[in-house]
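Here's the structure we're looking at; comments come further down.
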Amino acid sequence: MQSFLKISPDSHFPIQNIPFGIFTKLNDNKPRAASRIGDHVIDLSMLEKKGYLKEFIPEEADEVFSGKSLNKFMGLGKSVTSDVRKRIQTLLRDDCDEIKEKESFLKKLLIPIEDCRMLLPVEIGDYTDFYSSKEHATNVGIMFRGKENALMPNWLHLPVAYHGRASSIVVSGTDVTRPKGQTKADDEDLPKFGPSKLLDFELEMGFFIGQGNDLGKAVPVKKAQDHIFGFVLVNDWSARDIQKWEYVPLGPFLAKNFATSISPWIVTLEALEPFKVERQKQDPKPLPYLKSSGEWHYDINLEVSIRCAGTNDFIPISKSNFKHLYWDICQQLAHHTVTGCNLRTGDLLASGTISGPSSDSFGSLLELTWKGTQPLNLASGETRRFLVDGDTLKITGWCQGKSYKIGFGEVTGKILPTN
Ligand code: MN
């Protein structure tokens, strides 16, 4: 499949991708939906207004692309969203003669990415963060409880998660202010209050709920994929010193509620289809309600880099892959709803930190520097235990096809000093 536009094989956004996002032009401040091809944004609100999507969107749901979020579109469900994506793809193909005057079509609907600002793509009602990497859970367990009790007894039987904070989810490029809070040093009796000294990132991905489920009606594992619209990159910023003091017995609270950053383009399950891989074997066997075919797992390369305060270049610090996760997305969704909990359009379910088996594939500074005991010595001459003010963290991710990539772009955030 080829587009009539020339796209570099290194682009994250070839015609095979067709992600969804929300943008404004730098000069008009009018949020609306977009897809992306190469270095151009496609104004979907215009495409819809001009009637090109007419037979693909139910009549009563018109103007789904003119709002400031994708919720209306995502809520239409797979049968609609999947066809609309395919339709957009068809219009961009080199063998599509439907749009006779491609020149004028181009001028009106394709906008250079540098003239656009990407916004948060979804109005997020609820946010859940899983803890689905065995390597990450084991590493953290060893650090805090020792080798013998690294994994809690429940971990291999259910996808552990906590309910996170949706209001502080921000789009890539948004600055993150160092949080203040209570911390207590091991050798002191009483807690202190002040800026977090152990500010960290977490390399994660997350998926958005398309069509939700009714309260009281669990989604079986085999139907889970019908409710998943697509994926973004996630950085779950974490204040380790606040976390350590507060987390017992109910889990993370203020250590993670100050900011969570996501990438602006939602890559659909359909685009990821060619990159499915089988999930690793699960032992012990999960209970029947969590028994999945194991095929809803993906080979997505993930890379983390840091631009240290006062420097110009990003330096890679970790390479991981989505396929390392122990629990798959269908198991996560089935488990989340098994009580009858209703997921709603736009809810975000994140994976948890995605660490691989080797020490250069760990998904947090906590693990990469082993609680700060082994600082990272960067090629630039800088060293890091945790993030310092002025540092910028970047996560990128992509699937490698034969002659193209399906990419997610990036999620970045710069640390600002406590105010
Ligand atoms: Mn997390």
Side-chain angles (χ1 to χ4, degrees), residues 124 126-144 150-152 154-155 158-172 174 176 178-179 181 196 198-208 231-248 250-263 300 302-304 317-318 320-322 324-329 331-333 335-336 347-356 361-369 371 386-387 393-395 397 408 411-413 415:
I124 304 167
D126 278 296
Y127 161 46
T128 301
D129 196 16
F130 282 89
Y131 192 55
S132 288
S133 153
K134 192 175 172 187
E135 285 79 5
H136 173 68
T138 304
N139 287 338
V140 174
I142 291 171
M143 277 184 258
F144 290 100
L151 279 189
M152 297 300 264
N154 59 4
W155 200 93
L158 56 86
V160 169
Y162 67 95
H163 285 117
R165 184 75 196 166
S167 66
S168 52
I169 297 176
V170 295
V171 75
S172 176
T174 308
V176 172
R178 180 179 298 272
S196 165
L198 308 182
L199 188 52
D200 199 356
F201 71 90
E202 286 188 344
L203 163 61
E204 305 197 14
M205 295 195 70
F207 62 84
F208 279 108
F231 279 95
V232 288
L233 301 166
V234 177
N235 181 351
D236 177 24
W237 303 97
S238 300
R240 300 300 180 194
D241 41 0
I242 296 174
Q243 184 178 358
K244 192 177 168 216
W245 173 230
E246 75 170 2
Y247 91 105
V248 180
L250 288 186
F253 183 33
L254 308 184
K256 286 162 181 283
N257 77 353
F258 56 95
T260 305
S261 301
I262 66 168
S263 54
I300 306 170
L302 297 166
E303 215 174 279
V304 185
I317 54 172
S318 177
S320 187
N321 193 303
F322 186 82
H324 295 316
L325 289 173
Y326 186 84
W327 296 100
D328 70 41
I329 52 175
Q331 293 176 317
Q332 291 171 338
L333 195 144
H335 185 65
H336 202 307
D347 286 354
L348 178 65
L349 276 62
S351 58
T353 307
I354 307 169
S355 291
S361 64
F362 293 165
S364 64
L365 284 170
L366 179 70
E367 295 162 271
L368 288 165
T369 70
K371 261 204 292 191
F386 289 92
L387 298 168
L393 204 287
K394 175 163 88 178
I395 298 172
F408 291 80
V411 55
T412 66
I415 306 301

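Just so you know, ligand 1 is whichever comes first in the structure, and atom 1 is the first atom listed for that ligand.
- By the side chain to side chain contact (heavy atoms under 4.5 Å, CB included) test, V171 is found to be paired with L120, T174, P264, residues two or more places apart in sequence or in another chain being considered.
- Every side chain to side chain contact (heavy atoms under 4.5 Å, CB included) that N321 has, sequence neighbours left out, goes to D299, N301, K323, H324.
- Aromatic pair Y162/F253: ring centres not closer than 6.0 Å.
- Ring centers of W155 and Y326: under 6.0 Å apart, within the cut-off.
- Not counting sequence neighbours, the partners of M152 by the side chain to side chain contact (heavy atoms under 4.5 Å, CB included) test are R145, N154.
- Neighbours of the Mn ion (ligand 1) restricted to protein N, O or S atoms under 2.8 Å: the count is 4.
- Judged by the 6.0 Å distance and 45° axis criteria, K394 is not positioned over the aromatic ring of F201.
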